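Report on the following structure.
Just so it is clear, the structure is predicted and the values come from calculations on it, not from any experiment. Naming convention: chains lettered A, B, ... in sequence-line order (proteins, then strands); numbering from 1 in each chain. Values reported hereafter were calculated over all heavy atoms of this structure, with side chains retained and with hydrogens, waters and symmetry mates removed.
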2 protein chains.
Amino acid sequence: MQATAEAIIHALTEGGYRITRPRRAVIEVLCATPELLDPIELLDRAKAHYPRVGLATVYRTLDVLEQNGLARRISLNGKTRVVACGNLSLHYHLICVRCGVVVEMHDADTGRALERSAFEHGFALEHSPVEIRGVCAKCR
Amino acid sequence: MQATAEAIIHALTEGGYRITRPRRAVIEVLCATPELLDPIELLDRAKAHYPRVGLATVYRTLDVLEQNGLARRISLNGKTRVVACGNLSLHYHLICVRCGVVVEMHDADTGRALERSAFEHGFALEHSPVEIRGVCAKCR
DNA sequence: ATACGTGCAAAATGTTTGCATAGCC
DNA sequence: GGCTATGCAAACATTTTGCACGTAT
């Protein structure tokens with residue numbers, strides 16, 4: 001289940017945020033992109049939707065999204081990248097360390113098992129995707 | 001199984017790297033610290049072992065460690081932090097999003113299950129810890 | 001109408017690099 | 001001795017902020 005722009009926009013509206021053109025542009029790009037983007041790439045693509053966006057707004061939008069569990073900042077090979085999170089329930093992000101593709105994976109069984117193991121170590125999981133690094137089929 | 005300084009130093013020696021005092025200082029701090037450190041904190045603590053270390057060396061040492069799977073850079077709340085990885089086999093890092101504590105967890109069963117699920121999505125896992133975010137016992 | 005969001009440019013951070021020197025092996 | 005690694009400071013990159021203006025609700 002990939003993130004959809006409508007779902008994210010709906011969640012923001014619920015949260016009392018305004019849906020502005022620049023925000024919409026950023027969200028649409030995030031949802032249309034299966035791989036990790038860095039903030040500058042994100043800006044470039046967002047400009048195709050709304051040319052006046054500035055980098056500061058990209059950062060500010062990412063803050064809002066991240067605080068609401070709607071996106072995630074990931075550091076890959078030392079650089080900051082971003083993905084949208086489609087789902088607030090426990091799920092996994094398979095991240096290709098070569099090309100940056102991110103695949104959302106759901107696996108309820110291991111999810112429960114992991115949750116239990118983590119709990120035995122005193123941890124209550126966040127509703128934040130579990131990051132798994134690997135190499136995707138295409139990159140091998 | 002936590003990372004030990006000797007193990008890391010041994011691995012570096014094998015890899016043809018020189019064991020210098022600044023590197024040793026950085027490694028000892030990393031292994032002595034159960035929570036995520038940012039590079040500046042790491043530098044400060046390393047200075048207690050070897051006062052002449054500079055920040056650039058901390059970064060360079062982290063690069064070497066990370067390239068060899070001996071440490072891991074993690075972005076927590078937007079800031080870069082670092083942990084040592086004690087083990088090259090598949091394992092988990094339980095990361096407390098409040099205090100930054102990292103607990104290494106091993107769970108061979110879910111490990112295998114995850115590996116299989118990932119493989120079904122075309123992914124071959126890296127020997128890189130799986131990141132799981134949550135809140136530790138103390139912070140609740 | 002009235003906040004909230006924005007763009008711009010400047011400031012604050014964070015990271016990398018060049019180069020002469022130090023110190024492992 | 002030779003070559004890797006270091007420290008320092010400068011270059012570079014990234015992220016945040018202040019402020020006057022625009023615009024969603």
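- A salt bridge does not link A:Glu28 to A:Arg45: none of the charged side-chain nitrogens sits closer than 4.0 Å to a carboxylate oxygen.
- Atom OH of B:Tyr59 and atom P of C:dG14 are 7 Å apart (whole Å).
- Residues B:Val53 and B:Lys47 come closest through the heavy atom pair O-CE, 3.6 Å.
- Between A:Thr57 and C:dG5 there is no side-chain N or O to OP1 or OP2 distance below 4.0 Å.
- When DNA chain D is scanned 5' to 3' for any atom under 4.0 Å from a heavy atom of chain B, the first and last hits are D:dG2 to D:dC8.
- Rounded to 10°, the helix from C:dA1-D:dT25 to C:dC25-D:dG1 has 50° between the axis fitted to its first five pairs and the one fitted to its last five.
- In plain terms, the two heavy atoms of B:Ile74 and B:Val83 that are nearest each other are CD1-CG2, 4.0 Å.
- An OP1 or OP2 oxygen of C:dC24 is reached within less than 4.0 angstrom by no side-chain nitrogen or oxygen of B:Arg23.
- Between the CZ atom of B:Arg73 and the P atom of C:dG14 there is a distance of 14 Å, given to the nearest Å.
- A pairwise comparison of heavy atoms in A:Ala113 and B:Thr110 identifies CB-CG2, 3.2 Å as the closest pair.
- In this structure, the NZ atom of B:Lys79 is 15 Å from the P atom of C:dA12, given to the nearest Å.
- Residue A:Thr20 places at least one side-chain N or O closer than 4.0 Å to OP1 or OP2 of C:dT6.
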Identify the pairs formed between an N or O of the protein and an N or O of nucleotides 20-23 of chain C at a distance under 3.5 Å, and give each distance.
from   : atom 1 : to      : atom 2 : distance (Å)
C:dG23 : N2     : B:Arg18 : NH1    : 2.7

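- Here the P atom of nucleotide C:dC24 and the CD1 atom of B:Ile9 are 13 Å apart, to the nearest Å.
- Listed by residue number, B:Pro39 are the residues of residues 28-46 of chain B with a heavy-atom contact under 4.0 Å to DNA chain C.
- The distance from atom CZ of B:Arg60 to atom C1' of C:dT15 is 11 Å, rounded to the nearest whole Å.
- At a threshold of 4.5 Å between non-hydrogen side-chain atoms, the residues B:Arg24 and B:Ile19 count as touching.
- Here B:Ala84 pairs with B:Ala3, B:Ile8, B:Leu30, B:Cys31 under the side-chain contact (heavy atoms from CB on, under 4.5 Å) rule; sequence neighbours left out.
- If you take CD1 of A:Ile27 and P of C:dG5, they are 12 Å apart, rounded to a whole angstrom.
- A salt bridge is defined here as a Lys NZ or Arg NE, NH1 or NH2 lying under 4.0 Å from an Asp or Glu carboxylate O, and A:Glu131 with A:Arg72 meets this definition.
- Minimum interatomic distance between B:Phe123 and A:Cys136 (heavy atoms only, all atoms of both residues): CZ-CB, 3.7 Å.
- Listed by chain and number, the residues in a salt bridge (Lys or Arg N to Asp or Glu O under 4.0 Å) with A:Arg140 amount to none (sequence neighbours excluded).
- Closest heavy-atom contact between A:Leu76 and A:Gly100: CD2-CA, 4.1 Å.
- Salt bridge absent: A:Asp38 and A:Arg73 never bring a charged side-chain N and a carboxylate O closer than 4.0 Å.
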Chi angles and distances behind the side-chain hydrogen bond (donor to acceptor under 3.5 Å, both in side chains) call for A:Tyr92, B:Ser117: CA-CA 10 Å; A:Tyr92 304 89; B:Ser117 299; over 6 Å; no
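- For A:Ile19 and C:dT6, the CD1 to C1' distance is 15 Å, given to the nearest whole Å.
- Put simply, CZ on B:Arg21 is 8 Å from P on C:dC24, counting in whole angstrom units.
- With B:Asp107 contributing its side chain and B:Asp109 its backbone, the two residues share a donor-acceptor pair below 3.5 Å.
- Pairing each heavy atom of B:Ser128 with each of A:Arg133, the nearest pair is OG-CD, 3.8 Å.
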